[in-house]
Asker: 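Dropping the structure in here first, questions after.
As the structure is a computational prediction, the values presented were derived from the model and not from experiment. Excluded from the calculations below are hydrogen atoms, water molecules and symmetry mates; all remaining heavy atoms, backbone and side chain alike, are included.
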Amino acid sequence: MMCRRWVIPAMTTKQGIYTLIFTAVSLLGPGDLLGQRSDFQSWWEFEFDRSVSSSLQLKGELEQRFKSNSLQFSRTLLTLGVEYDATKWLSLGGGARIIFVMDGEGQLHPRYRVHFNATGFYDLSVFTFSLRTRLQYGFEDVIYFGDLSLNSLISRNRLKVAQHIFGTKFGWFASLESWHYLSELPGTVFLNMRYVAGVRFDLNFKSQFNLRYIFEDEFNVTNPRQLHIVVAGYSHSF
């Protein structure tokens, strides 16, 4: 996707600092847990978008993931959604995803997910900051409404910084993201942290290639994992 650079005239420097401090504190989680397993994975993805109007976009993503030192197929993901630019500094979006997960016997099982996003943008000098909050609801069967305890409502918060290197086709970005399970009990359960660093190359006005490294740390789940992931992605605007 092409990187947007939006300025928020109404936001003061003090408000921006307060926002970043609050976000950083909310993303903090516990340290490493004993018994975590490590794995190296590789992901391949293709993203596309099409502008319906100046403020509305259709978005899609096709992704393949490989696990067990990238030697075994893990899952295929197809996501379709929309994004609406409510203001110059805020976008709202939502979508649905179907996931085909391979089990230990080589059988594929479908899973489904719907999500809603709210993303704020802020330009500071040559850097573009964004804060995305996502609520996602996942379930095993799209027509199953019996035991809702089998489904999961997750809150995700991502803080990202990006920069386009002036006069070149290159840019870089970094982000950190937290996962929280919203249960029926008071409070939330911290599940996951994801740290990302990557570079991008603008092939032309509509196409972009990116390469990124992800470190993912799981908590409060059975057999938590620490994942090292290399992702190669291509995006195109129609």
Side-chain angles (χ1 to χ4, degrees), residues 1 36-50 57-84 92-119 132-158 177-184 188-194 196 210 212 214 216-236 238:
M1 307 293 180
Q36 284 186 318
R37 299 175 295 111
S38 296
D39 189 22
F40 171 74
Q41 300 188 0
S42 58
W43 300 354
W44 313 89
E45 64 183 23
F46 168 62
E47 297 180 344
F48 59 91
D49 67 83
R50 181 177 180 84
Q57 286 185 321
L58 302 178
K59 293 180 172 291
E61 179 182 339
L62 177 63
E63 187 175 324
Q64 299 275 6
R65 297 184 181 182
F66 298 86
K67 62 181 182 179
S68 301
N69 292 321
S70 299
L71 299 176
Q72 182 181 354
F73 172 79
S74 175
R75 60 190 60 198
T76 296
L77 307 92
L78 176 62
T79 308
L80 298 175
V82 297
E83 184 174 296
Y84 174 70
L92 304 175
R97 168 178 286 181
I98 181 172
I99 310 170
F100 294 96
V101 181
M102 180 172 289
D103 62 18
E105 299 179 352
Q107 301 294 320
L108 289 177
H109 301 276
R111 297 179 181 176
Y112 307 89
R113 181 182 301 162
V114 292
H115 65 268
F116 171 77
N117 298 331
T119 308
R132 186 191 73 183
T133 295
R134 166 176 287 185
L135 287 177
Q136 66 181 40
Y137 188 72
F139 41 99
E140 300 292 331
D141 193 327
V142 71
I143 61 173
Y144 184 74
F145 300 101
D147 187 359
L148 295 181
S149 65
L150 298 177
N151 304 331
S152 58
L153 178 63
I154 305 293
S155 170
R156 297 169 55 174
N157 300 284
R158 185 190 70 185
E177 184 174 9
S178 64
W179 271 255
H180 302 268
Y181 174 67
L182 304 180
S183 65
E184 296 180 357
T188 61
V189 177
F190 179 76
L191 290 178
N192 192 65
M193 283 296 298
R194 175 181 289 181
V196 181
N210 72 80
R212 61 189 188 272
I214 299 175
E216 198 163 291
D217 212 359
E218 292 184 336
F219 304 92
N220 298 317
V221 294
T222 304
N223 298 320
R225 300 174 302 170
Q226 288 184 333
L227 302 180
H228 301 270
I229 307 164
V230 174
V231 184
Y234 173 80
S235 61
H236 184 78
F238 292 95

Asker: Do we see a donor-acceptor contact under 3.5 Å between the side chains of Q41 and W43?
Answerer: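 Side chains of Q41 and W43: pair found under 3.5 Å.
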Asker: Rounded at 0.5 Å granularity, tell me how far OG1 in T79 sits from NZ in K59.
Answerer: 12.0 Å
Asker: Do T76 and L62 touch side chain to side chain, with heavy atoms closer than 4.5 Å?
Answerer: yes
Asker: F66 vs F73 aromatic rings, parallel, tilted or perpendicular, using cut-offs 30° and 60°?
Answerer: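 Ring orientation, 0 to 90° scale: perpendicular.
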Asker: Could you check whether any side-chain heavy atom of S70 comes within less than 4.5 Å of a side-chain heavy atom of F40, counting everything from C-beta outward?
Answerer: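 The answer is yes, as the side chains (C-beta and beyond) meet within the 4.5 Å cut-off.
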Asker: What's the separation between atom OG in S42 and atom CG in N69, rounded to the nearest 0.5 Å?
Answerer: 10.0 Å
Asker: Measure the spacing between OH of Y84 and CD of Q57 and express it to the nearest 0.5 Å.
Answerer: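 Answer rounded to 0.5 Å: 13.0 Å.
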Asker: Is there a side-chain contact between R37 and N223 (heavy atoms, below 4.5 Å)?
Answerer: yes
Asker: Do the charged groups of R65 and E63 touch, with an N to O distance under 4.0 Å?
Answerer: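 Looking at E63 together with R65, the answer is yes, because their closest N to O distance falls below 4.0 Å.
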Asker: Check L80 against G60 and note the closest heavy-atom contact, atom names and distance.
Answerer: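 Smallest heavy-atom distance, with atoms named: CD2-CA, 4.1 Å.
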Asker: Which residue is it: R134, R158, R156? I am looking for the one with a salt bridge (Lys or Arg N to Asp or Glu O under 4.0 Å) to E177.
Answerer: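 Going through R134, R158, R156 one by one, the salt bridge (Lys or Arg N to Asp or Glu O under 4.0 Å) with E177 is satisfied by R156 alone.
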Asker: With the side chain counted from C-beta on, respond yes when Y137 and F116 share a heavy-atom pair under 4.5 Å apart, and no when they do not.
Answerer: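 Side-chain contact under 4.5 Å: no.
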Asker: Any side-chain heavy atom of E218 within less than 4.5 Å of one from W179?
Answerer: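 E218 does not reach W179 side chain to side chain.
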Asker: Compare all side-chain heavy atoms of V196 with those of V231 and state whether any distance is below 4.5 angstrom.
Answerer: no
Asker: Hey, are the side chains of V221 and L191 touching, using non-hydrogen atoms and a 4.5 Å cut-off?
Answerer: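 V221 vs L191: side chains touch.
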Asker: Mark yes or no for whether D39, through its side chain, and S68, through its backbone, hold a donor-acceptor pair below 3.5 Å.
Answerer: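 Yes, the answer is positive, given that a donor and an acceptor are paired below the 3.5 Å cut-off.
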Asker: Would you mind reporting whether I154 and Y181 have side-chain heavy atoms less than 4.5 Å apart?
Answerer: yes
Asker: Is it true that the side chains of N192 and R194 contain a donor and an acceptor less than 3.5 Å apart?
Answerer: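 Absent: no donor and acceptor within the cut-off.
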Asker: Checking the side chain of N220 only, and the main-chain atoms of F190 only, is there a donor and an acceptor separated by less than 3.5 Å?
Answerer: yes
Asker: Drop me the distance from L135's CG to L153's CG, to the nearest 0.5 angstrom.
Answerer: 6.0 Å
Asker: Any chance you could measure D103, atom CG, to R75, atom CZ, to the nearest 0.5 Å?
Answerer: 11.5 Å
Asker: So which atom in K67 and which in M102 form the shortest heavy-atom distance, rounded to 0.1 Å?
Answerer: NZ-O, 4.3 Å
Asker: To the closest 0.5 Å, what do you measure between CZ (R111) and CG (L77)?
Answerer: 10.5 Å
